Engineer: 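Take this structure first; my questions come after.
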Amino acid sequence: MSSNLQFENTDTVLIEDRVFTPPKDVVGHANIMDYMKSKGFTDYAQFHQWSLEHRNEFWDDMAKELHWFEPWQSTFQWTDKPFFQWFVGGKFNIVYNCLDRYVDTSTWTKVAYYWEADDGSTRTITYKDLYVMTNRIAKTLQNVGVKKGDRVGIYMGLIPELVAAVLAVARLGAVHCVVFGGFAANALRDRMNDAQAKVMITADGGIRGGKTIELKKIVDEAVAEVPTMQQVIVVKRVGNEVPMQRRRDVYLHDLLATIPENTVVPCEPMESEDMLYILYTSGSTGKPKGVVHVQGGYGVGVYATTKFVFDVKPNDVYWCTADIGWVTGHSYTIYGPLMNAATSVLFEGAPTHPGPDRLWAIIEKYKVTILYTAPTLIRNLMRFGEQWPAKHDISSLRLLGTVGEPINPEAWMWYRKYIGANRLPIVDTWWQTETGMMMISPTVILPLKPGSATWPLPTIEADVVDRNGVSVGSDKGGFLIVRHPWPAQMRTIYGDPARYQTYWETIPDVYFAGDAATKDQHGYFRVQGRVDDVIKVSGHRLGSMEIESSLVSHEKVAEAAAIGKPDQIKGERVKVFVILKDGVAPSDELAHELKQHVRTVVGAIATPDELEFVPTLPKTRSGKIMRRVMRARELGEPIGDISTMEA
Ligand code: WTA
């Protein structure tokens, strides 16, 4: 391993020096440089090596910066490999660390969120406001019978009540299951049934790009087939008439009417390993996986990575554009920024409404300093041209970030040149729903290379290996793996521990990420994309099988296969191949109908871009559809090269 990263390389850009001001209310090490110094390091490679050998010490140090009701006895232990625990015996509530510990400090009156509505109106929510909202909602949840461990579904647009609802659930020690608003009724129903959710929090509608999304209608359709669902709590956002089912449905404002402003529902002291949330994500089977995250380890991991990667300072205005329906929204719109006492922007609308400069207008309006977004959005906005950001004063920005898919060099250069004034660092952060926190990412200390997420974060033992788990040489392609658990790692797949185990069995004893990657001579990682049947459309994670099963549920379809194809804006686009039932004739109308069918069953985000009727599909002897082969054929790539990458 190189011990000195000050190498010369034409595509290297050095991150400028930063001024360091210790935050007032958040104790502990202010940033990674500060922490490294405290351990006697100035070089990241040496520090990283140290962190691998002192994993527990590092995470103990991070955990000590947070509030615990009772300290932990053991930092890490395997229980029944690959199951493990962090901060064993500790009692913790993540919400205490997001809100309660700021009571009567200077953070108390600080802005937690500037909420920008779709129509441009603003609500400013201080930490105190958020605390009050959260406690009152927690009380209403308690009143309708929500108890520790109960699962609560959340399905709504990006409004402040969504954040407060998430925090209220976690405050009680219940488990939130947020479902992205772009999923259709069937998808919502399946997720709620899997979670056996008891209560659902939704809104009378969502507003995006000037249009109303009928969330309540979708919820009605979904929960009609969720036998465990007892109560639907509806936030009035749009103000339109929605059908309210007696006893089951109730407006939040009616519930709140009897709850005083000064209501406090103490945070439930949770075991460190108690469940915090379930978030559904797509894998290589038709059934979405309920990724389980826990209170303690997730809290510590997300807290530390937010601090080290974004180096959040007291005066920063931070904006993560991700929807709360995805893990990025959970970790880096809600928990990470709040635990770091940050001021964030929360945006309800669409980034190109009413014009292609909406994003830049918001940055100007709130003087955003840190922008964390997805390559797909950068490519989308790049298409409109640099005259749009040029209309706005976006000079408040000091740090840019990306997540969700590989960033192509053109988008990286555009982002840096037109948004970053040719000087701002771009942190390309690699991680997953399953990892809970950022895993490979630059921090203030590392020189950047476009297209590389640079080095693993402290204690993260990532590598690129072959099928047998042996490290491949520099610049050789292989599988991205991680050798040891980290605090924010998922603990299991809800109700399906065997499916969790496969992550550690695909290549024995290491965490198999499902991505292809390379590592260069300086130890820099480049993540290239999935090696399984996951398709990334505009950064949204979709499973081939989910799309295929929705097609097969149509009466005219016999078989179907879905693949991802490269797309200039969306990263990947969905192409489906369909075998029709005997006697059914292919037609353009039918193709359209089938695309719409996927939209109705899975959701708008899964709508196929292309559909081709075929007589057969390539399969293995055991009948498994060879999607890799289809993809290679479709793209005119050599089939052999691709199949060696198949997991
Ligand atoms: C991809 C999103 C390249 C990758 C937080 C991963 C990336 C999947 C990057 C997880 C990146 C995420 N560079 N690829 N910086 N970040 N990915 O679960 O394929 O929605 O496995 O989590 O996104 O997607 P998920």
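What you see is a predicted model, and the numbers here were worked out from it, not measured in a lab. Side chains included, hydrogens not; waters and symmetry mates left out as well; all remaining heavy atoms used.
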Engineer: What closest approach, in Å, do Val146 and Ala174 show between heavy atoms, and which atom pair accounts for it?
Structural biologist: CG1-CB, 3.7 Å
Engineer: Between atom NZ of Lys536 and atom NZ of Lys570, what is the distance when rounded to the nearest 0.5 Å?
Structural biologist: 14.5 Å
Engineer: Looking at every heavy atom in both Ala560 and Val552, which two are closest together, and how far apart are they?
Structural biologist: N-CG2, 4.1 Å
Engineer: How long is the gap from CG on Asp588 to NE2 on His592, to the nearest 0.5 Å?
Structural biologist: 11.0 Å
Engineer: Using 0.5 Å steps for rounding, measure from the CD1 atom of Ile278 to the CD1 atom of Ile493.
Structural biologist: 10.5 Å
Engineer: With a 3.5 Å cut-off and no angle check, do the side chains of Ser282 and Glu546 form a donor-acceptor pair?
Structural biologist: yes
Engineer: Verify the ring-centre separation between Phe69 and Phe92: is it less than 6.0 angstrom?
Structural biologist: no
Engineer: Measure up the Phe180 and His540 rings against each other and bin them: parallel (under 30°), tilted (30 to 60°), perpendicular (over 60°).
Structural biologist: tilted
Engineer: Can you list everything that forms a side chain to side chain contact (heavy atoms under 4.5 Å, CB included) with His176? Sequence neighbours excluded, please.
Structural biologist: Ile154, Val166, Val169, Ala170, Val178, Leu276, Tyr277, His330, Tyr335
Engineer: Whether the Asp316 and Thr369 side chains hold a donor-acceptor pair (N or O, under 3.5 Å, no angle test) is what I'd like checked.
Structural biologist: yes
Engineer: Do you know which two heavy atoms are closest between Cys320 and Thr328, and how far apart they sit?
Structural biologist: SG-CG2, 3.8 Å
Engineer: Testing the 3.5 Å rule here: is there a donor-acceptor pair between the side chains of Thr402 and Tyr372?
Structural biologist: no
Engineer: Could you tell me whether the side chains of Tyr494 and Arg151 share a donor-acceptor contact shorter than 3.5 Å?
Structural biologist: yes
Engineer: Answer yes or no for Arg191 and Phe183: cation-pi contact, defined as NZ/CZ to six-membered ring centre under 6.0 Å and angle to ring axis within 45°.
Structural biologist: yes
Engineer: Compute the centroid of each ring, for Tyr332 and then for Trp431, and state whether the two points are separated by less than 6.0 Å.
Structural biologist: yes
Engineer: Determine whether a donor-acceptor pair (N or O, by modelled atom type, separation under 3.5 Å) exists between the side chain of Lys216 and the backbone of Pro243.
Structural biologist: yes
Engineer: Do the non-hydrogen side-chain atoms of Val574 and Val576 ever get within less than 4.5 Å of each other?
Structural biologist: yes
Engineer: What about Tyr131 and Trp108, are their ring centers closer than 6.0 Å?
Structural biologist: yes
Engineer: Determine, for Arg171 against Glu268, whether the closest basic-nitrogen to carboxylate-oxygen distance falls under 4.0 angstrom.
Structural biologist: no
Engineer: Checking side-chain contact (heavy atoms from CB on, under 4.5 Å) for the pair Glu273/Gln295: CA distance, chi angles, key distance, verdict?
Structural biologist: CA-CA 6 Å; Glu273 285 291 319; Gln295 284 266 356; over 6 Å; no
Engineer: Taking all non-hydrogen atoms of both residues into account, name the closest pair between Ile370 and Phe310 and its distance.
Structural biologist: CD1-O, 3.6 Å
Engineer: So, Asp194 and Tyr280: side-chain donor and acceptor under 3.5 Å apart, yes or no?
Structural biologist: yes
Engineer: Can Asn143 and Thr140 be counted as having a side-chain donor-acceptor contact under 3.5 angstrom?
Structural biologist: no
Engineer: If you take all heavy atoms of Leu551 and Val557, which pair is closest and at what distance?
Structural biologist: O-CB, 3.3 Å
Engineer: Without hydrogens or angle criteria, can the side chains of Gln489 and His293 be said to hold a donor-acceptor pair below 3.5 Å?
Structural biologist: no
Engineer: Work out which heavy atom in Ser550 is nearest to a heavy atom in Val601; give both atom names and the distance.
Structural biologist: CB-CG1, 3.7 Å
Engineer: CG/Leu99 to CG/Leu130 distance, rounded to the nearest 0.5 angstrom?
Structural biologist: 5.0 Å
Engineer: Between Thr306 and Tyr318, is any side-chain donor less than 3.5 angstrom from a side-chain acceptor?
Structural biologist: no
